[in-house]
Structure formats: structure tokens, C-alpha cells
Amino acid sequence: EVQLVDSGGGLVQPGGSLRLSCTASGFTTSNYDMSWVRQAPGKGLEWVSGIIRRGNFTRYADPVKGRFAISRDNAKNTLYLQMNSLKTEDTAVYFCAADQLNVIRTPVSRSDFRYWGQGTQVTVSS
């Protein structure tokens, strides 16, 4: 069974940092481009960042550029999202997602990725 398990969320104050992890089982992450997608309260799914299979090219949504960093360790079958300078607007459930099937939409659809993690809650509040 293919599974993605994301973790690392929590409560953090504005300006703080958090590192999310996503570990895959049932497939090797190096076989897929991967992304982080988030859903803020009352909003749709928003693509946050993506990384190609080799991990040598990354892209970010404008709201997180310069603050978030996506990376992967294919040997550990793990995807990461380092989040710095967090803002209250970053509060959301964060999902890792693999095997993009369609062009990025606004909002993202669940059908746009073949595999999804269960989500980890990130709350940025003072």
C-alpha cells in the first residue's frame, strides 16, 4: 500500500520556524516530483511548493518565497518543508502530495495528485 505520512506541525508564534516532514512508503520518492499543498480555514487547497524528482529544482508560491524551503532526501524517502518567518496567514493544514497529474489549479483539486499525506496542522498565533 502506498502511503505518505506528514508530520511536524504545531503551534508557533509569528516569526517562528517549523520543519515539516513527509515520509513515503510503498514507493520510492525519487520516482516522483513532490509538492506541499495547504488548506487554510475556510479556503481551498493552495499549492505551496514543489520539487522535482532529482531534488535539484524547486518552485514556490509567491506568498512563501524567501521564507519556506522545500527539500528531499530520497535515500530516506522523505520530503521536507522548512518554514521560517512564519505569519498568521500561514495557518493551515499542510499536506505532502506526490505524482502530479494535472497543471496546478487554484484551488488545487485532490485529483491533481495521485498520493496525499493525511495533513499536519500548522497554527501561527501570538
Open item on the list: Can a donor-acceptor pair be found, under 3.5 Å and without considering hydrogens, that links the side chain of T88 to the backbone of V124?
Closed with: no
Tell me every residue that passes side chain to side chain donor-acceptor pair (under 3.5 Å) with [X], counting only those two or more places apart in sequence or in another chain.
X	result
T23	T78
T106	none
T123	Q121
D33	none

Joint cluster assignment, [X] & [Y], ILVMFWY side-chain distance < 4.5 Å:
X	Y	answer
I70	L18	yes
V37	M83	no
V108	Y94	no
V64	V12	yes
L79	V122	yes

TODO: Would you list the pairs meeting salt bridge (Lys or Arg N to Asp or Glu O under 4.0 Å) in which at least one residue belongs to residues 42-58, sequence neighbours left out?
DONE: R38-E46
Open item on the list: Listing request: all ring-ring contact (aromatic ring centres under 6.0 Å, His included) pairs with a residue in residues 28-65, at least two apart in sequence or in separate chains.
Closed with: F27-Y32, Y32-Y115
Could you report the tightest heavy-atom contact between [X] and [Y], atom names first, then the distance?
X	Y	value
D6	G119	OD1-N, 2.8 Å
P14	S126	CD-N, 3.7 Å
S17	N84	OG-OD1, 2.9 Å
T120	G8	OG1-N, 3.9 Å
S85	R67	O-NH1, 3.0 Å
S35	G50	OG-CA, 3.7 Å

Apply salt bridge (Lys or Arg N to Asp or Glu O under 4.0 Å) to [X] and list each qualifying residue two or more places apart in sequence or on a separate chain.
X	result
R72	none
K65	D62
R59	none

Open item on the list: If the condition is ring-ring contact (aromatic ring centres under 6.0 Å, His included), which residues does F113 pass it with, not counting sequence neighbours?
Closed with: W116
Please report, to 0.1 Å, the donor-acceptor pairs under 3.5 Å made by any side chain of residues 96-104, with sequence neighbours excluded.
unit_1 : atom_1 : unit_2 : atom_2 : d
D99    : OD2    : R114   : NE     : 2.7
Q100   : NE2    : N102   : O      : 2.7
N102   : ND2    : D112   : OD1    : 3.3

Open item on the list: I need the F68 CZ to T58 OG1 distance, nearest 0.5 Å.
Closed with: 13.5 Å
Task: Straight-line distance of L81 CG to M34 CE, nearest 0.5 Å - done: 12.0 Å
Open item on the list: Before you tell me yes or no, could you show the steps for Y80 and D73 under side-chain contact (heavy atoms from CB on, under 4.5 Å), namely the whole-Å CA-CA distance, both residues' side-chain angles and the distance that decides it to 0.1 Å?
Closed with: CA-CA 8 Å; Y80 302 97; D73 187 339; 4.0 Å; yes
Open item on the list: Per the disulfide (SG to SG under 2.5 Å) rule, what does the pair list look like for residues 66-95, sequence neighbours excluded?
Closed with: none
